[in-house]
Asker: 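One structure, as C-alpha cells, below. Some questions next.
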Amino acid sequence: MISKILIANRGEIALRIVRSARELGIKTVAVYSEADRQALHVLLADERVCIGPAKASESYLNIANILSAVDITRADAIHPGYGFLAENAKFAEICQAHGLIFIGPPPSIIRLMGDKNKARQTMKKAGLPILPGSDTVIEDLAIAKKIAAKIGFPVIIKAAAGGGGKGMRICRSSSQLEDQFPIAQGEAKAAFNDPSLYIEKYVSGARHIEIQIVGDRKGKVIAFGERECSVQRKYQKLIEETPSPFIDEKTRRKMMKEVEDAASKVGYQSLGTFEFLVDENRKFYFMEANARVQVEHPITEMVYGINLIKAQIRIASGEKFGFPFELVMRGHAIECRINAEDPATFVPSPGKIDFLVLPGGEGIRVDSAAYGGWVVPPDYDSLVAKIIAYAPNRDLAIRKMRAALEMTTIVGIKTNIPLHLDILSNTDFLAGRYNTQFMDGHMAAKAAEETL
Amino acid sequence: MISKILIANRGEIALRIVRSARELGIKTVAVYSEADRQALHVLLADERVCIGPAKASESYLNIANILSAVDITRADAIHPGYGFLAENAKFAEICQAHGLIFIGPPPSIIRLMGDKNKARQTMKKAGLPILPGSDTVIEDLAIAKKIAAKIGFPVIIKAAAGGGGKGMRICRSSSQLEDQFPIAQGEAKAAFNDPSLYIEKYVSGARHIEIQIVGDRKGKVIAFGERECSVQRKYQKLIEETPSPFIDEKTRRKMMKEVEDAASKVGYQSLGTFEFLVDENRKFYFMEANARVQVEHPITEMVYGINLIKAQIRIASGEKFGFPFELVMRGHAIECRINAEDPATFVPSPGKIDFLVLPGGEGIRVDSAAYGGWVVPPDYDSLVAKIIAYAPNRDLAIRKMRAALEMTTIVGIKTNIPLHLDILSNTDFLAGRYNTQFMDGHMAAKAAEETL
Amino acid sequence: MNDKNKQPIGPEECAMSGKIDYEELRKLISLLEEKGLSIFELEVEGLKVKIGRNAPQPAPSAIAPPGGPAAGPAAPHESAAAAEARALAIEVAKGHHMITSPMVGTFYRAPDPASPPFVDIGDVVKKGQTLCIIEAMKLMNEIEADVDGTVVEIYGENAKPVEYGQKLFAILPSS
Amino acid sequence: MNDKNKQPIGPEECAMSGKIDYEELRKLISLLEEKGLSIFELEVEGLKVKIGRNAPQPAPSAIAPPGGPAAGPAAPHESAAAAEARALAIEVAKGHHMITSPMVGTFYRAPDPASPPFVDIGDVVKKGQTLCIIEAMKLMNEIEADVDGTVVEIYGENAKPVEYGQKLFAILPSS
C-alpha cells in the first residue's frame with residue numbers, strides 16, 4: 001500500500017526506518033538540515049531533500065518544507081520518528097489532509113495523549129489506576145493548595161503540556177508549594193507556551209516502568225512485557241532493560257491486561273507506550289502515554305523476536321499484520337544510550353569522530369547512525385548510538401553489555417561510556433535494587449568517594 | 001577454572017573469542033604476526049605478544065613461539081580458533097603435555113577426524129551411513145580402478161588428509177580415473193605431505209548439510225538442527241543458512257539423532273561439525289567431521305539463542321554447562337561471508353579500508369575484526385566480515401540480509417558484496433532450489449547473460 | 001615586491017618580480033588557503049615559489065554507493081553536495097552573488113507556461129525584481145533579486161523540484 | 001643568510017643567503033604549520049628554500065583505550081609499537097645496528113644469576129660473540145652479535161619476557 005516513506009527525522013531512528021522500509025520493499029526519502037548533509041540516514045536513503053538550515057525550527061520542524069519535499073518526491077507516507085513532529089497532532093492532521101499516510105496514531109489520540117492531565121483523566125475512566133491528584137488543570141495557587149492539602153504532601157506539580165521534566169516540581173510542604181507553583185508555571189509557559197499545571201501525589205522510591213503497545217486498525221491492542229527505565233538523570237533515560245528485575249509475573253500480567261483494555265477503549269492505533277510509576281509494593285499508577293515509537297523500543301524487540309517499526313508501517317498501510325512467533329518474552333535485553341557528552345559533567349561533546357569501533361558479535365545489537373569520520377553536529381540531541389545486549393538472563397546480559405562497552409572505541413568526542421560501565425558495576429544495580437532516584441544517589445556517592 | 005586464554009588465531013574468530021572470554025570474566029592474550037600489529041583482536045585483548053613475521057608458518061603456526069608466549073603471559077588455556085593449528089592433534093597433545101587446557105576436542109578425536117578415510121570407516125561402524133567407496137586408503141591406480149568398477153561411476157577421489165577441495169577429483173569413467181588419479185596424488189602430497197587417497201561414489205546434485213554438535217566431558221552429546229552450506233565456490237562456502245529450505249523435520253530429527261549416537265560412541269567432546277552429502281531423496285551420507293568451531297557457527301547460535309564459544313570454553317574448563325533455553329530452533333538465520341576480493345574474478349583485494357559502515361539494527365549480527373583505517377593484510381585468508389541476518393522466516397531473513405548488504409559501505413578494497421546480492425536475488429536461491437553445483441551454474445548463467 | 005610593481009592580486013595570479021619578503025609570502029599563503037588551492041607555483045625573473053597544501057577531504061566524501069557499483073542504493077548526494085560547494089566557492093570568488101532557494105518546491109521561470117521567462121542570462125535586474133516562482137504547498141512564491149546586477153547564470157530547470165539552499169541564479173552585482 | 005651568519009642547522013632550520021634571514025624563516029615555518037601546508041619551496045637569486053612537513057598521524061594509531069580512560073582494557077601496545085618503530089628508525093638513522101629477538105621467551109643478560117652480564121654498554125663485541133640468552137620452551141638460546149662493533153644500548157631487562165622482533169641491543173658497527 002505504501003510505496004515511498006518520507007522520514008521527517010534524523011539520526012539513528014531515521015536510519016532505523018530506512019532499514020525497515022527497505023526490508024519491506026518501500027522506498028525512503030530523507031529530509032535533512034544543512035547540518036546533516038553528511039548524515040548516514042541521508043546517504044543511505046533512496047532519495048534526499050535538504051529542507052532548511054541547522055536550526056530545527058527551520059528544518060526538522062518546518063512543516064511547509066517537509067510537505068513540499070513530499071510533493072517533489074511523491075512520497076505517500078510520512079514517518080515522524082520520535083521527537084520533532086512525532087507528537088504534533090496538527091502535523092498529523094495536515095498530513096492526512098494532504099492525502100498522506102501518517103505512520104503513527106490518529107491525530108485525536110496524539111492530541112489526547114499530548115494533554116497530560118486529560119490523558120490521565122481519560123485513562124482513569126478507562127480503568128487504569130492513577131495517583132490521587134487534581135482532576136483538572138490548575139491555574140491558581142489557592143486551588144493548588146486546597147488540592148495538595150486533600151491528597152497530602154509530598155505532591156508533584158507538572159506541566160499539563162509537559163515532558164522531559166520541564167515545569168516539574170516536588171513540594172513537601174504548603175510553603176514549598178507556594179514557592180514552587182509560580183516557578184513551575186513560568187517554566188511550563190516558557191517550554192510549552194501553556195502555563196497549565198496539575199498536581200498529583202508524589203511517590204518517593206518509585207520505579208519508572210512502561211508498557212509497549214501495538215494497536216491495529218480494527219481496535220485490537222496487544223501489550224508487551226514491561227520495560228524498566230528507572231535509570232534516569234534529570235528525567236533523561238540512560239539505561240533500559242526488560243524484563244524489570246522488580247516486576248513479578250502477576251504484576252506484569254495485570255499491567256499488560258489493564259493497558260490493553262484501556263487502550264482499546266480509547267481506540268488506540270499504531271505504536272504507543274504507557275508509562276507508569278510503580279511503588280515499593282508493586283502498585284502501579286498510570287502517568288502518561290507516548291503516542292509514538294520510543295527510543296528504547298529495541299529491547300522489547302529483542303525479548304519477543306519482533307520488529308516494531310515494520311509492524312507500525314504495516315498497520316499504517318492498512319495491511320493485516322501479525323507477529324510470527326508466539327508472543328512470549330524470552331531472555332533479557334538491556335539498552336545503553338551512548339551520548340556524545342562528558343561522562344562526569346554531562347556537557348555535550350559534539351565534533352568529529354576520528355576513529356570508531358562499535359561492538360558486535362553474538363547477542364549485540366547496535367542502532368546508530370554514527371560512522372568514523374562523521375561530525376556529530378552540536379545542533380541536536382547527543383545520542384550517538386544505542387547499544388543493546390541480549391542474553392538468556394539478566395546477569396549474562398549485563399556481562400555482555402559490559403564486555404561490549406569496554407571494547408567500544410570512540411575517538412574524537414567524549415561519550416558517557418565510562419558512566420555506563422560505572423552503573424553496570426554498581427552493587428545496587430547488579431542486584432536490581434534501583435528506582436528513579438538511583439542516579440542522584442549514585443552520582444552523590446561517586447562524588448563523595450572522589451572527595452575522600 | 002580457566003583464568004587466561006591465549007588465542008592462537010587472528011581475525012574475526014580471535015575477536016569472537018576475546019568477546020566471549022571477557023563475558024566469562026576470563027583474560028585473553030592475543031598472539032600476532034608482524035602483519036597484524038594493528039589488528040583489532042590484538043588491540044582489544046588484555047595482553048598481546050608478537051610471535052613472528054607475517055608468514056603463517058613462522059607465526060600462527062609457530063608452536064615454539066606460541067608456547068613461549070604462554071609461558072611469559074602465564075596463560076592457562078589455548079583457544080586455537082579455526083584453521084592454523086586448530087586441527088593439529090600434535091599441537092593439542094603438546095598443549096596438554098605443557099599443562100595447558102586445549103579448548104577443543106581431545107587429541108585422539110582430532111587425530112581420528114583428521115584422517116578422512118579412517119573417520120569415515122569409524123563413523124560407519126558407529127552407525128552413520130556413508131557413501132559406497134574404498135574402505136582403506138589407496139596408493140595404487142589398479143586397486144582404485146577395481147573399486148571404482150565395483151561402486152560404479154561417477155566416483156570422487158579425495159585426499160585422506162584433505163580438506164578445501166585439494167586433491168579432489170570427479171571421475172566419470174575409467175579412463176578419467178586413470179588420468180586424474182596421479183594428479184590427485186600429486187596434489188595431496190603437495191598440500192598435505194601425504195599422497196593417500198580414497199574413493200567414493202559421487203552423488204551429483206547433492207547438498208552440503210552439516211550438523212553442529214557439543215559434547216561434554218561426561219560423554220553426553222547434543223546435536224543441533226542442520227546448517228545448509230551448499231552455496232560454495234571451489235569448496236569454499238559463501239552463504240550458509242539454517243534451517244535448510246530442503247530438509248524436512250523427519251530428516252532433521254533422524255540426522256540429529258544419528259549424529260548424537262555416533263559422536264557419543266567415539267567419545268566426542270567439545271564442539272564439532274559433522275558434514276553430510278544429502279541426495280535429492282534426502283538420503284544423507286556422512287562425509288567428514290571437523291573437530292573445531294566452524295566459521296558458520298553463528299547461524300546456529302541465532303536460531304537457538306545460544307553462545308557456542310562460551311559453551312566450548314566452559315566444557316574445556318570442566319565446568320558443568322547447560323543451555324538456558326529449551327533447545328528449539330526458532331526463526332531463520334543466514335550468514336554471508338564478506339571477503340576482500342573482486343566479486344567477478346575472485347582475485348583477493350587486500351589493502352587499506354578507507355571508510356567503513358557495517359550494517360546494524362534489528363536482526364543483524366556482524367562478526368568482524370575490520371575497522372575504518374585498517375589495512376587488510378595480503379598474507380591470510382580474505383574474510384573481512386561475517387554478516388548474519390536473523391528473522392522469523394527465510395523470506396524475511398533474505399530480505400533483511402539484502403537490505404543490510406545494500407547499506408554496507410566498504411571503501412578502499414573490493415569485496416564480494418555484489419556477488420552476494422546477486423545470489424540473494426536469484427530465483428532458484430529464493431525458492432530454496434540449490435545444491436553444491438549452484439555456484440557453477442550461477443556463474444555460467446551470469447557469464448552467458450553478460451555475453452548477450 | 002617593490003612598490004613600483006604594485007599590482008592587484010587576483011584570485012589565481014600574483015604578479016611579482018625579484019625579491020619576496022615574508023609579508024608577501026604570508027599573503028600568498030593566505031590566498032592559497034582562502035581559495036582552497038592545493039599547490040601554487042610561480043616563476044618570474046629568477047624568483048621561483050612553490051607552495052603546497054595537504055589535500056583535505058577525508059573519508060566521508062569518499063562514500064561509495066553501498067553494495068558495490070551495480071547493486072544497492074546510490075548515495076550520490078554528498079559528492080554532488082561537495083561539488084556544489086566547490087562550484088559555489090568558485091562563483092563567489094568570481095564576485096558573483098548567489099540567489100538560493102529559501103524553500104523546498106518546484107521552480108518556475110515564468111508566471112505561466114505561455115509567458116516568457118521572468119529573466120534570462122545577461123538581463124540586468126533591479127533589487128526587488130521577480131526572478132522566478134517556487135511553488136510550494138500549492139502557493140506560488142515569487143523569488144526576488146536582492147541586489148542590482150546582471151544575471152550571469154541560471155541553475156534551476158523550469159518546472160523541476162528544488163531543495164532548500166539550492167542555487168537558482170548567479171548575479172554579477174553592478175558596482 | 002650570509003656566511004658570517006652561519007648558524008647550526010637544526011631539524012627545522014635552514015641556512016640560506018639573500019633576503020630572508022633566520023627570523024623570517026622561523027616565521028615561515030610557523031606559518032606553514034599554522035596553515036597546515038605540506039610543502040614549501042622557494043628559489044630566488046641563489047636562495048633556495050624547501051620546507052616540508054609530515055602529514056599528521058591517521059586514525060589507527062589514535063586508538064584510545066576503549067571504554068574511556070578509567071575503565072576497560074588498555075590498548076597501549078599499538079602506540080608503544082608506533083613509538084618503538086619511531087625509536088628504531090632514529091637508531092638506524094644514527095647508524096646503529098639492531099639486534100632483535102628472533103623468538104618469544106625470557107631475556108637473560110648473564111649465563112646464570114651469579115655471573116656478570118655477557119656484555120655491557122660500551123663493550124666492543126665481535127661477530128659471533130654471545131650477547132644474551134633467551135629462554136624459550138625450557139631451552140637456553142644464545143643470541144650472538146652478527147656484526148663487529150660497540151654496544152651502545154641495551155633494551156631488554158634481565159629476566160623479563162621479550163616478544164618476537166623486540167629490540168635487544170644497539171651496536172655501532174666498527175667501520
Side-chain angles (χ1 to χ4, degrees), chain A residues 12 15-16 18-25 40 43-44 297-298 301-302 305-310 323-326 330-331 353-374 385-386 388-393 396 399-404 406-407 409, chain B residues 12 15-16 18-25 40 43-44 297-298 301-302 305-310 323-326 330-331 354-374 385-386 388-393 396 398-404 406-407 409:
Chain A
E12 66 86 19
L15 184 58
R16 170 90 179 88
V18 169
R19 285 172 170 149
S20 295
R22 183 172 283 273
E23 285 180 42
L24 291 168
L40 200 55
L43 303 174
L44 293 178
H297 77 276
E301 295 183 330
M302 297 309 279
I306 56 171
N307 186 317
L308 289 167
I309 298 288
K310 277 160 76 172
F323 292 107
F325 300 130
E326 197 198 345
R330 188 171 93 152
I353 299 178
D354 293 313
F355 184 69
L356 181 70
V357 181
L358 291 170
E362 191 275 314
I364 292 296
R365 166 176 171 184
V366 180
D367 277 39
S368 172
Y371 59 82
W374 179 55
K386 304 189 311 202
I388 299 109
Y390 174 69
N393 62 45
L396 293 174
R399 282 160 171 269
K400 190 179 290 294
M401 179 64 88
R402 226 159 35 202
E406 283 168 356
M407 301 209 285
T409 309
Chain B
E12 67 85 18
L15 184 59
R16 170 90 179 86
V18 170
R19 284 173 172 150
S20 295
R22 183 173 282 275
E23 284 179 44
L24 291 167
L40 200 55
L43 303 175
L44 294 178
H297 77 276
E301 295 183 331
M302 297 308 279
I306 56 171
N307 186 317
L308 289 167
I309 299 287
K310 277 160 74 173
F323 292 108
F325 299 131
E326 197 198 345
R330 188 170 92 151
D354 294 312
F355 183 70
L356 181 69
V357 181
L358 292 169
E362 191 274 315
I364 292 294
R365 166 176 171 183
V366 180
D367 277 38
S368 173
Y371 59 83
W374 179 55
K386 303 188 311 202
I388 298 110
Y390 174 68
N393 62 45
L396 294 174
I398 291 174
R399 282 160 171 268
K400 191 179 289 293
M401 179 64 87
R402 226 160 34 203
E406 283 168 355
M407 300 209 285
T409 309

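This one's a predicted model, so the numbers in the text were calculated from it and none came from an experiment. Hydrogens, waters and symmetry mates are skipped; everything else that's a heavy atom, side chains included, is used. A, B, ... follow the sequence lines: proteins, then strands. Residue 1 opens every chain.
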Asker: Given a strict heavy-atom distance threshold of 4.5 Å, which part of K386(A) is in contact with chain B: side chain, backbone, both, or neither?
Answerer: neither
Asker: Please look at I306(A) and chain B and tell me whether the side chain, the backbone, both or neither of the residue comes under 4.5 angstrom of a heavy atom of that chain.
Answerer: backbone
Asker: For the atom pair CZ (R22(A)) and CD (E406(B)), what is the distance rounded to the nearest 0.5 Å?
Answerer: 4.5 Å
Asker: R402(A) versus chain B, heavy atoms under 4.5 Å apart: side chain, backbone, both or neither?
Answerer: neither
Asker: Which bit of L24(A) comes within less than 4.5 Å of chain B, counting heavy atoms only: side chain, backbone, both or neither?
Answerer: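 For L24(A), the contact with chain B is made by the backbone alone.
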Asker: Is it true that K400(B) and E23(A) have a side-chain N and a carboxylate O under 4.0 angstrom from each other?
Answerer: yes
Asker: The test is side-chain contact (heavy atoms from CB on, under 4.5 Å); show your working for T409(A) and L44(B) and say whether it passes.
Answerer: CA-CA 10 Å; T409(A) 309; L44(B) 294 178; 4.3 Å; yes
Asker: At a heavy-atom separation under 4.5 Å, does Y390(A) approach chain B through its side chain, its backbone, both, or neither?
Answerer: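 Contact with chain B: side chain only.
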Asker: Show your working on side-chain contact (heavy atoms from CB on, under 4.5 Å) between R19(A) and I364(B) and close with a plain yes or no.
Answerer: CA-CA 11 Å; R19(A) 285 172 170 149; I364(B) 292 294; over 6 Å; no
Asker: Show the nearest heavy-atom pair for residues G305(A) and P392(B), with the distance to one decimal.
Answerer: O-CG, 4.3 Å
Asker: What residue, out of A370(A), A404(A), A403(A), has the most heavy-atom pairs lying under 4.5 Å from chain B?
Answerer: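 Ranked by contacts with chain B, first place is A403(A).
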Asker: So E362(A) and I309(B), side-chain contact (heavy atoms from CB on, under 4.5 Å) or not? Walk me through it.
Answerer: CA-CA 10 Å; E362(A) 191 275 314; I309(B) 299 287; over 6 Å; no
Asker: Where on E301(A) is there a heavy atom nearer than 4.5 Å to chain B: the side chain, the backbone, both, or neither?
Answerer: side chain
Asker: Most heavy-atom pairs under 4.5 angstrom with chain B, which of R330(A), K310(A), M401(A)?
Answerer: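 Highest number of pairs under 4.5 Å: R330(A).
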